[in-house]
Amino acid sequence: LLRLVSLCLISYRQCSARLLQWIKCDLELTGCHSETMDKEARLEGEVTAAKRQEDDITSLIKRAWQVGACDPQRALALSQEAYNMAREDGVQRSGEAILSSLINLGRFHYELSQLDRAQERLEEALTLVHQGVGEGEDPAFHQSTVSKIYMGMGLIRWRLGDYAAALER
């Protein structure tokens with residue numbers, strides 16, 4: 001049961017309602033109805049908190065993208081905050097958010113001419129992609145992520161004057 005609860009927290013979007021219903025029915029059958037209500041309320045609270053955390057991370061990523069053209073320094077700070085929150089959540093739960101944050105960090109370091117930092121962030125994102133992070137969640141997101149990473153790496157090489165390496169990326 002604890003394993004199913006942890007799975008629910010990992011992918012609550014897909015199974016939280018169904019799992020809560022299953023837990024309620026299972027505990028009622030075992031005569032633990034009073035405990036069921038407490039556990040259900042606690043689990044629902046955890047799922048809601050997790051959803052709120054994900055919404056906050058997504059909002060930070062979107063806001064960073066919006067302000068990036070006019071205030072890359074502010075966008076960099078927002079992206080770093082989103083990255084920290086997503087990392088705290090863990091790769092299993094927030095893989096897409098970590099990748100999006102890293103790509104944003106690479107972009108805004110690039111725009112601030114911090115090319116080494118931009119390269120580091122994009123390489124970190126590429127390493128995560130090669131480890132399979134974000135791969136099974138949404139194929140379109142995965143392909144878009146890979147494209148953005150290689151485009152960013154190519155732009156960095158281009159800006160450094162290494163045109164042959166830029167074309168390879």
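For clarity, every value in this text was computed on a predicted model and none was experimentally measured.
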Original post:
Taking side chain as C-beta onward, heavy atoms only, is Ile98 less than 4.5 Å from Val133?
Top reply: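 No. Closest side-chain heavy atoms not under 4.5 Å.
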Subject >> Gap separating the CZ atom of Arg157 from the CG atom of Leu115, nearest 0.5 angstrom >> reply: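 One finds 9.0 Å between CZ of Arg157 and CG of Leu115.
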Subject >> Distance (rounded to the nearest 0.5 Å) between Leu128 CG and Leu99 CG >> reply: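 If I round to the nearest 0.5 Å, the distance is 5.5 Å.
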Look at the side-chain heavy atoms of Ile, Leu, Val, Met, Phe, Trp and Tyr, link any pair under 4.5 Å apart, and say whether [X] and [Y] land in one connected group.
| X | Y | answer |
| --- | --- | --- |
| Met153 | Tyr163 | no |
| Leu105 | Leu155 | yes |
| Val67 | Met85 | yes |
| Leu122 | Leu112 | yes |
| Leu160 | Met151 | yes |

Can you list, pair by pair, the side-chain donor-acceptor contacts under 3.5 Å of residues 74-83, counting residues two or more places apart and other chains?
| from | atom 1 | to | atom 2 | distance (Å) |
| --- | --- | --- | --- | --- |
| Ser79 | OG | Ala75 | O | 2.9 |
| Gln80 | OE1 | Arg121 | NH2 | 3.0 |
| Gln80 | NE2 | Asn84 | OD1 | 3.0 |
| Tyr83 | OH | Arg87 | NE | 3.2 |
| Tyr83 | OH | Glu124 | OE2 | 2.5 |

Subject >> Pair Ile57-Ile61, side-chain contact (heavy atoms from CB on, under 4.5 Å): steps then yes or no >> reply: CA-CA 6 Å; Ile57 295 169; Ile61 292 168; 3.9 Å; yes
Subject >> Closest heavy-atom pair and its distance - Ala118, Ile156 >> reply: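 Heavy-atom minimum between the residues: CB-CD1, 3.7 Å.
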Subject >> Residue pair Ala69 / Arg107: nearest heavy atoms and the distance that separates them >> reply: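 Smallest interatomic distance, heavy atoms only, reads N-NH2, 4.0 Å.
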Original post:
Under the 3.5 angstrom rule, does the side chain of Arg159 hit a backbone N or O of Tyr110 as a donor-acceptor pair?
Top reply: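 Judged by distance alone, yes, a pair lies under 3.5 Å.
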**OP:** Begin with the C-alpha distance, continue with both residues' side-chain angles, and end with the deciding distance and a verdict on side-chain contact (heavy atoms from CB on, under 4.5 Å) for His109 and Gln119.
**Re:** CA-CA 9 Å; His109 279 300; Gln119 184 71 28; over 6 Å; no
Original post:
Phe141 and Ser100: side-chain contact (heavy atoms from CB on, under 4.5 Å), yes or no, with the steps?
Top reply: CA-CA 10 Å; Phe141 173 83; Ser100 294; 3.6 Å; yes
**OP:** Check the pair Ile149, Val129 against side-chain contact (heavy atoms from CB on, under 4.5 Å), reporting the backbone distance first and the verdict last.
**Re:** CA-CA 10 Å; Ile149 292 169; Val129 166; 3.9 Å; yes
Subject >> Pairing residues for Arg117 by the salt bridge (charged side-chain N to carboxylate O under 4.0 Å, His left out) criterion, not counting sequence neighbours >> reply: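 With neighbours one apart ignored, the set is Glu120.
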